[in-house]
J.: 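Encoded as structure tokens, here's the structure I'll be asking about.
This is a predicted model, so every value here is computed, not measured. Each ligand, and each atom within it, is numbered from 1 in the order the structure gives.
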Amino acid sequence: MTISEIRSFFPVLNQKVYDKPLIYFDSAASAQKPVQVLMCEEKLHNDFYGNIHRGAHFMADKATIEFENVRTKVAEFINAPHREEIIFTKGTTESINLVAFSFCEAFLNEGDEIIVSEMEHHANIVPWQLAAQRKKAKILKLPFNDSGILEIEKLAELISEKTKIVAVTHVSNVLGTINPVNEIVKIAHQKNVPVLVDGAQAVPHLKIDVQEIGADFYAFSAHKMYGPNGVGMLYGKKEWLEKMPPYQGGGEMISEVSFEETTFNELPYKFEAGTPHISGVIAFGAALRFVEEVGFDSIRKHETELLKLATAGLKQIPGIKIYGEAPEKSGVISFNIEGIHPYDLGMLLDKSGIAVRTGHLCADTVMQHYQIGGCLRISFGIYNTVAEVETFLATFNKIRLMF
Ligand code: PLP
């Protein structure tokens, strides 16, 4: 698919903001949605909306079939061995909270340890801290170096008989680093420790094979991969999920309820309490089909080209500091320029039609590593162009000269 074909599916990009053509460089926060996804959600509401699983009529049955087809599609998309290992959630944050609550309820005890990397989004730190507080356990940090590379050689030393789980991101939302998750899993598994991988920033860019990675849990959101917001998934190995208690109660997660006792439904329903985001899940299927149609080889090639061009251009600007220079990076560049506050830069770029992200990027531990309060991030999606990168660099240069 050519870039202009791809862009034709995103009419939202063909607009002006503040009278300037929009350049959307904030896909790592949330990606725009192609018409295929928008139409899919609309079609459900126009044609066959009904509540799923327990309906006794045509529309409920049709919605249930479509919903469950997406579960099969997600399982195929990440090469999960069993479709019942796919649990629909609100997003990555809820997926991680589910594991942090339920896994830790079953397996974490006083004095135990959880290893979390230093480059995590808050969504992969705070749920573990809450669990650790509840169980009087400890969080240990797996550090990264100044280039933004995880020091995985330290992992084996950090793991002890007290370690219950390792939580690590596949791709950093600040540094862009693509972590060698296969190796991390191998090291942890040698010591019989399970691993949760946060795939929020990986799925839009890389072909994921959970069997090849070997992760015990893998989480991601639909909205970062051109799907609807409010939907995500958790993949968990059956042998863990079966031993874990429910996370929330009500709805489809029960088998039988009396005032004395409740028995729980089988996987995956045990973890899907209440009416889920039915239209969102069904449109998630359309996003998966769209991404597959574009193809991960083309996505990676295109985004790498944009990354190289933008990095080389930024590096020529005096006073630039880029955070994260790992050899394997996704299309994310976080940086600061000496003497200018990132909020001021972000605001002026916005007024020039360029949407970027500023602040701590929900990754305070990364900010603390570099001893900064915040930074500016540009991030690319499949719809961004070389011309947009060139316009960004020229605009950025003009803005910095104003200070
Ligand atoms: N993990 C990473 C690496 C992220 O970048 C994000 C969002 O930016 C999240 C988790 C949280 O995702 P969500 O807000 O979709 O739950």
J.: Give the residue, atom name and distance (to 0.1 Å) of the protein heavy atom nearest atom 1 (N) of ligand 1.
T.: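 Going atom by atom, the protein heavy atom closest to atom 1 (N) of ligand 1 ends up being D198 OD2, 2.5 Å.
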J.: Report yes if some N/O of E94 lies less than 3.5 Å from some N/O of ligand 1; otherwise report no.
T.: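 E94 vs ligand 1: no N/O contact under 3.5 Å.
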J.: So which protein heavy atom does atom 16 (O) of ligand 1 come closest to, and at what separation?
T.: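 For atom 16 (O) of ligand 1, the nearest protein heavy atom comes out as T93 OG1, 2.6 Å.
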J.: Polar contacts were defined as any N/O atom of the residue lying under 3.5 Å from an N/O atom of the ligand; does this apply to K224 and ligand 1?
T.: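 Yes, there is a polar N/O contact under 3.5 Å.
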J.: By number and element, which atoms of ligand 1 are closer than 4.0 Å to a non-hydrogen atom of H223?
T.: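 In order of numbering, the contacting atoms are 13 (P), 15 (O).
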J.: With heavy atoms of S221 as the reference, note each atom of ligand 1 found under 4.0 Å away.
T.: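 The list of qualifying atoms is 12 (O), 13 (P), 15 (O), 16 (O).
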J.: So F296 and H205, do their side chains get closer than 4.5 Å, heavy atoms only?
T.: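 In short, these two side chains do not touch, never coming nearer than 4.5 Å.
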J.: Under 3.5 Å, side-chain donor or acceptor atoms of residues 97-107 against the rest of the protein: list the pairs with distances, not counting sequence neighbours.
T.:
unit_1: N97; atom_1: ND2; unit_2: T93; atom_2: O; d: 2.8
unit_1: S102; atom_1: OG; unit_2: P245; atom_2: O; d: 2.5
unit_1: E105; atom_1: OE1; unit_2: R134; atom_2: NH2; d: 3.4

J.: Is it true that, when you exclude K308 itself, more than 12 heavy atoms of the residues, nucleotides or ligands shown sit nearer than 6.0 Å to its NZ?
T.: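 Counting other residues, nucleotides and ligands, NZ of K308 stays at 12 neighbours or fewer.
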J.: Under a 4.0 Å heavy-atom limit, does K90 contact ligand 1 with its side chain, its backbone, both, or neither?
T.: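 Under 4.0 Å from ligand 1, K90 contributes no heavy atoms.
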J.: Look at the rings of Y370 and F144 and say which category their plane angle falls in: under 30° parallel, 30 to 60° tilted, over 60° perpendicular.
T.: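 Tilted: the ring planes of Y370 and F144 meet at 30° to 60°.
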J.: Between N336 and Y323, does any side-chain donor sit less than 3.5 Å from a side-chain acceptor?
T.: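 On atom types as modelled, these side chains qualify, holding a pair under 3.5 Å.
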J.: Determine the minimum heavy-atom distance between P143 and K141, stating which atoms define it.
T.: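 So the minimum-distance heavy-atom pair works out to CD-O, 3.4 Å.
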J.: Nearest to atom 9 (C) of ligand 1 by heavy atom, H121, H122, Q201: which?
T.: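 It is H121 that holds the nearest heavy atom.
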